[in-house]
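It should be emphasised that the depicted structure is a prediction, and the values quoted were computed from it without experimental measurement.
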Amino acid sequence: MTDADAGRDIDTTEPGRAWTFGDDIDTDQIIPSRFLVSSDPAELGEHAFNDLRPEFAPNVADGDFVVGGHNFGSGSSREHAPISLLGAGIDGIVAQSFARIFFRNGINLGLPVLICPDADRIDDGDAISLRLDEGAVVNHTADERYDADPLPEFLQSLVDRGGLEPYTRAKLGTE
């Protein structure tokens, strides 16, 4: 699948590094408001988790994953938070639960998000991959597999197309 905004291919089946975070990570922690002068994914990605984990942006690699606890993405409904993660190179987010608006913003932008009750079993730095069609997270480091809530078919089709905008263009035949 392709992320239209970040201009790169997303492949959740290839292992990437897990960047773990706890509960109640809000959108201001994902992208501090002082960096909201742009909506360019690459520029926002340079400041993702700037205050919470300053080492994140300089060290994250394309194909890495963010792993959260409960209530990931709470706070404001700004799309800049998932855009910054796409711009940083994140290929998906796994969390025990998401704030509803963040979850849908991620889907609308083509960012795979999975609810996984066992996300807390993933350690920072573990190599993980996502099996979106199966609703599973594979922890290659621990040699474990965790069940996740698969996305409904319609939401998966949005992610597969790269988000709501490319999906709508395809439906309208204006690609």
TODO: Might you point out which heavy atoms bring Gln29 and Ile25 nearest each other, and give the distance in Å?
DONE: OE1-CA, 3.2 Å
TODO: For side-chain contact (heavy atoms from CB on, under 4.5 Å), just list the numbers for Leu151 and Phe103, CA-CA rounded to whole Å, side-chain angles, deciding distance to a tenth of an Å, and then say yes or no.
DONE: CA-CA 11 Å; Leu151 293 175; Phe103 182 88; 3.6 Å; yes
Task: Pair Phe21 and Phe49, ring centroids less than 6.0 Å apart - done: yes
Task: Donor-acceptor contact present, side-chain Asp124 to main-chain Thr20, <3.5 Å - done: yes
TODO: Not counting sequence neighbours, which residues clear ring pair (Phe, Tyr, Trp, His ring centres under 6.0 Å) with Tyr167? List them please.
DONE: Phe154
Open item on the list: Do Asp51 and Asp28 have side chains that approach each other closer than 4.5 Å (heavy atoms only, starting at C-beta)?
Closed with: no
TODO: Would you check if Leu164 and Thr168 make a side-chain contact, meaning some heavy-atom pair closer than 4.5 Å?
DONE: yes
- [ ] State, yes or no, whether a side-chain contact exists between Phe102 and Ile30 at a heavy-atom distance under 4.5 Å.
- [x] yes
Open item on the list: Between Glu43 and Asp40 (side chain of the first, backbone of the second, donor and acceptor by atom type, cut-off under 3.5 Å), is there such a pair?
Closed with: no
Open item on the list: Please check this pair: side chain of Gln96 against backbone of Pro117, looking for a donor-acceptor N/O pair closer than 3.5 Å.
Closed with: yes
Donor-acceptor pairs under 3.5 Å, side chain of residues 133-142 to any protein atom, not counting sequence neighbours: which ones?
residue, atom, partner, partner atom, Å
Glu134, OE1, Arg145, NH1, 3.2
Glu134, OE1, Arg145, NH2, 2.3
Asn139, OD1, Thr141, N, 3.1
Asn139, OD1, Ala142, N, 3.0
Asn139, ND2, Asp126, OD2, 2.9
Asn139, ND2, Tyr146, OH, 3.3
His140, NE2, Ser129, OG, 2.8
Thr141, OG1, Ala127, N, 2.8

- [ ] Measure the spacing between CG of Asn108 and CD of Glu165 and express it to the nearest 0.5 Å.
- [x] 10.5 Å
Open item on the list: Quick one, Asp147 with Arg131, criterion salt bridge (Lys or Arg N to Asp or Glu O under 4.0 Å). Give me CA distance, side-chain angles, the key distance, then yes/no.
Closed with: CA-CA 10 Å; Asp147 290 333; Arg131 303 295 187 254; over 6 Å; no
Just list the side-chain donor-acceptor pairs under 3.5 Å for residues 63-71, sequence neighbours left out, or say none.
residue, atom, partner, partner atom, Å
Asp64, OD1, Arg17, N, 3.1
Asp64, OD2, Trp19, NE1, 3.0
Asp64, OD2, Ala61, N, 2.9
Asn71, ND2, Asp24, OD1, 3.0

Open item on the list: Quick one: does any side-chain atom of Ser84 pair with a main-chain N or O of Ala48 as donor and acceptor, under 3.5 Å?
Closed with: no
Open item on the list: In the structure I gave you, are the side-chain heavy atoms of Leu85 and Ile93 within less than 4.5 Å of one another anywhere?
Closed with: yes
Task: Closest approach of Ser38 to Leu44 (non-hydrogen atoms, all atoms of both residues) - done: O-CD2, 3.5 Å
- [ ] For residues Asn105 and Arg78, determine if any side-chain heavy atom of one lies less than 4.5 Å from a side-chain heavy atom of the other.
- [x] no
Task: Heavy-atom pair of closest approach, residues Thr27 and Ala81 - done: CG2-CB, 3.8 Å
Open item on the list: I want to check something: taking the side chain as every heavy atom from C-beta on, are Asp118 and Glu144 in contact at a cut-off of under 4.5 Å?
Closed with: no
Open item on the list: When you group the ILVMFWY residues by side-chain heavy-atom contacts below 4.5 Å and let the links chain together, are Phe35 and Ile90 in the same group?
Closed with: yes
Open item on the list: According to a hydrophobic-cluster definition based on side-chain heavy atoms being under 4.5 Å apart (Ile, Leu, Val, Met, Phe, Trp, Tyr only), do Ile31 and Ile101 belong together?
Closed with: no
Open item on the list: Could you check whether any side-chain heavy atom of Pro15 comes within less than 4.5 Å of a side-chain heavy atom of Ile128, counting everything from C-beta outward?
Closed with: no
Task: Nearest heavy-atom neighbours spanning Leu130 and Gly92 - done: CD1-CA, 4.2 Å
- [ ] Please report the shortest heavy-atom distance between Pro112 and Val159, naming the atom on each side.
- [x] CG-CG1, 3.8 Å
Open item on the list: I'd like to know whether CD of Glu55 has more than 12 heavy-atom contacts from other residues, nucleotides or ligands below 6.0 angstrom.
Closed with: yes
Task: Contact check, side chains of Arg104 and Leu158, non-hydrogen atoms, under 4.5 Å - done: yes
